[in-house]
Number of protein chains: 2
Amino acid sequence: MELSERKLKILQAIISDYIRTAEPVGSRTLSKKEGLDYSPATIRNEMADLEEMGYLTHPHTSAGRVPSDKAYRLYVNELMDKPELTQNEKAIIANRLRDTTVDFEKTIEHAASILSEITNLTSFAMTPKKTEDVIKYINLLSVDEETVVLMIVSESGKVSNKAVKMSVPYTEESLELLSKTMTYNYKGKTVSQALTNNIIANFETDVVAMSGMAEDVMPNFMKTLEDMLNVNLYMEGLSNIFDIPEYSDISKAKSFIEMLTQKDEITKKLIERDDGITVTIGDENEDSNLQDCSLITASYSVDGKLVGKIGVIGPTRMKYSKITSIIEYLTENLTDTFKLESGETADESSEDADENGPENQGEEINE
Amino acid sequence: MELSERKLKILQAIISDYIRTAEPVGSRTLSKKEGLDYSPATIRNEMADLEEMGYLTHPHTSAGRVPSDKAYRLYVNELMDKPELTQNEKAIIANRLRDTTVDFEKTIEHAASILSEITNLTSFAMTPKKTEDVIKYINLLSVDEETVVLMIVSESGKVSNKAVKMSVPYTEESLELLSKTMTYNYKGKTVSQALTNNIIANFETDVVAMSGMAEDVMPNFMKTLEDMLNVNLYMEGLSNIFDIPEYSDISKAKSFIEMLTQKDEITKKLIERDDGITVTIGDENEDSNLQDCSLITASYSVDGKLVGKIGVIGPTRMKYSKITSIIEYLTENLTDTFKLESGETADESSEDADENGPENQGEEINE
DNA sequence: AGTTAGCACTCCACGGTGGCGAGTGCTAAC
DNA sequence: GTTAGCACTCGCCACCGTGGAGTGCTAACT
């Protein structure tokens, strides 16, 4: 059976009505809609067809129709119109995003919380996976007789460090030599390359003279590199999931929250997802705990390379169009921020962040 | 009215029964208990007295008795016996705690998750408030023509850094001079002292020759110091709160989770709490969302000075005795860890962490 | 052939009812 | 002071019965 013009219209009406009200939609309600000037009976016939085709379901005989995941998929792919955000809405997002005084991590966390507040959904944001980050600079710095600080600076401007207890005496000169040798050996390599290259072995043969120092430093070097690969996940608005009617059942809510709080799992899944805006709806999600939810994620980039993810999780019955627009705009903004400022010095704007007046801060973007 | 020996016995029996079963306790049940060889009627009389004195309540006429917060308080203060953990239980905690390969932050997070798993409650752990941390060392390091890295090392071994974009040209020598001057000025001061001293103003007058560089560096210095004051809060086992019968009501559960996920608020409250083991029961908590819960917190220290907190939140009906012992042991262990290793190099044990065999890892401490 | 009115039917939601069980409070006897 | 006995209270639960919303089908209409 083909999806006639009229069927599409009806389907769209059902979907948007259901998204708005969370109530099954009946034929009478629909027939009163603008642009659907048919009797309830006619609409019922069409709905029966749509149900047969898998676009609608029926909680029980005498209830209205509810869109299926298949219907949402059609809606997202073809039916919905993605509205441009208004200037005002954009200003709210941009202002709040700029209103971060601290570092990169905090900005990401902040972005998640903005997203959650605006959408009234649970949001999350993942810092970039830094596998491809390139080592720029390695330095060892004397702190006291037995402590040095190992410091790794990467092309993306990230600085990682670790205090190292030295078991052998050292001089400023030997420290500098070791720093230079390490920089020479690893500069230009990505973090993951450096890690796979079996660093320690290489070193022992290369620079026998200071093998004692290297023995102290290298394990810490590896650990710091590993640390640099770590991805942080921030989650905000967790309690919003209680607005999903499916989770008014406590045991379901519990297992859902259990799943969401397993950051490692979530992170893995986020990494696997495609870059760009990605929507998965209901049973398109593998995880059984997610089958009543939809996920919208998008990626932002840092320095044009490293890719982080941000997104929301909510009921399949969510405002796909609006939310997609919001996330799109938010990630564009993030990417811009991290291009412009090239690294950590992203905070001159803290003084004039409220130039559009503080009255914008608390507003909410609706509909 | 006095609390006779017999009343205390009955009260204790009710409390421990109720903690175990979560069901109101009736007179018949009690009279069958070891050591309470009175008829139900006698016990009923005593219970009526206890209720009048405020130690028991009554969900409704024909239900058994339930301990009041006042009763729990009495129990915690006087009635309960704090059992020493068995060697096996201690080994489980110690082993799992040692099984952290990474840094300080991760260890704290790990401790929270251990605590949550063992107690089946929601746990949290706060990293120390570093107000009292003493600045040991400040360094500026050239990365490229326009970027330097500012690094602050503290007595407790914590290293903080920040990449700084320089708006004026600089030489290695001027960098070193600035580092030395800063170190000279701030070494020995605590982070909070340094912050209150109006650093920037001081500097402009002192070292006119490099005021351009200082103008770039000082704001970042302040921000980094502020950053050092940040306290991180980790929370684990959030979903365990659904086991509290009070929160089988969705709207209550929602507002509860809302409260718990406001990290700033929670952090503030944790900081305010006394050091050492502290138990607050039900309505002893100011927050209205916490009035059905009890909180047990304890403090651990790092380097003998900085104090962090760790604790659990659960139903007033929790196993106070067991949980107190667990938290006590855990914090002792944490304090030891951070004394021994003095700083960041806390990970040699990663290889032999499972010396007692991996079969211990999954076990749970019951009763 | 497509559309519509009419009607019987289905099923949920909701409020009331009655029996059961657990546990109490009181009284009177031990 | 302790206990047995008994009436009473209340929550829980299962069981209606009714009302409303919405459907599917059929037959009539355009």
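The structure presented is a predicted model; accordingly, all values stated were derived computationally and were not measured. Chain naming here is simple, since letters A, B, ... match the order of the sequence lines and numbering starts at 1 in each.
Using a distance-only test at 3.5 Å, with no hydrogens or angles considered, no donor-acceptor pair links the side chain of E258(A) to the main chain of S255(A). Listed for the E78(B) side chain is no donor-acceptor partner under 3.5 Å among the backbone atoms of Y75(B).
Results of the salt bridge (charged side-chain N to carboxylate O under 4.0 Å, His left out) test with D17(B) over R317(B), K33(B), R65(B) single out K33(B) as the only residue that passes. For the side-chain contact (heavy atoms from CB on, under 4.5 Å) criterion with M126(A), the lone passing option out of I310(A), L270(A), T297(A) is L270(A).
Per the geometry, NE2 belonging to H58(B) stands 14 Å off P belonging to dT9(D), to the nearest Å. In this structure, Y18(B) places its OH atom 14 Å from P of dG23(C), rounding to the nearest Å. Separating the CG atom of L30(A) from the C1' atom of dG22(D) is a distance of 12 Å, rounded to the nearest angstrom. Between the CZ atom of R65(A) and the C1' atom of dC11(C) there is a distance of 14 Å, given to the nearest Å. Distance E5(B) CD to dG1(D) P: 17 Å, rounded to the nearest Å. Here dC26(C) presents its C1' atom at 18 Å from CD1 of I43(B), a figure rounded to the nearest Å. Computed from coordinates, the H60(B) NE2 to dC12(D) C1' distance equals 9 Å when rounded to whole Å. The distance from atom NZ of K7(B) to atom C1' of dT2(D) is 14 Å, rounded to the nearest whole Å.
Look at K322(A) and E89(A) and you find a salt bridge, because one of the NZ, NE, NH1 or NH2 atoms lies within 4.0 Å of a carboxylate O, short of that distance. Of the charged side-chain nitrogens involved, at least one lies within less than 4.0 Å of a carboxylate oxygen, so that K90(A) and E84(A) count as a salt-bridged pair.
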Between protein and nucleic acid, restricted to nucleotides 2-6 of chain C and to nitrogen or oxygen atoms under 3.5 Å apart, what atom pairs and distances do you find?
| unit_1 | atom_1 | unit_2 | atom_2 | d |
| --- | --- | --- | --- | --- |
| dT3(C) | OP1 | R6(A) | NH1 | 2.8 |
| dT3(C) | OP2 | R6(A) | NH1 | 3.3 |
| dT3(C) | OP2 | R6(A) | NH2 | 3.0 |
| dT4(C) | OP2 | S39(A) | N | 3.1 |
| dT4(C) | OP2 | T42(A) | OG1 | 2.5 |
| dG6(C) | O6 | R44(A) | NH2 | 3.3 |

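The two residues S123(A) and S116(A) make their nearest non-hydrogen contact at OG-CB, 3.3 Å.
Residue-to-nucleotide contacts include a donor-acceptor pair under 3.5 Å from the side chain of S62(B) to the base of dC10(D).
Base pairing in DNA chain C gives the following stems of 3 or more Watson-Crick or G-U pairs, range against range and under 3.5 Å: C:1-30 with D:1-30.
Picking from dT24(C), dT9(D), dC11(C) the nucleotide with the shortest atom distance to the side chain of S27(B) gives dT24(C).
Remark: K70(B) is positioned above the aromatic ring of Y55(B), its terminal NZ or CZ atom under 6.0 angstrom from the ring centre and at most 45 degrees off the axis.
In this structure, F124(B) has its ring center no closer than 6.0 Å to that of Y234(B).
Taking side-chain N and O atoms only, T61(B) has no distance below 4.0 Å to OP1 or OP2 of dT9(D).
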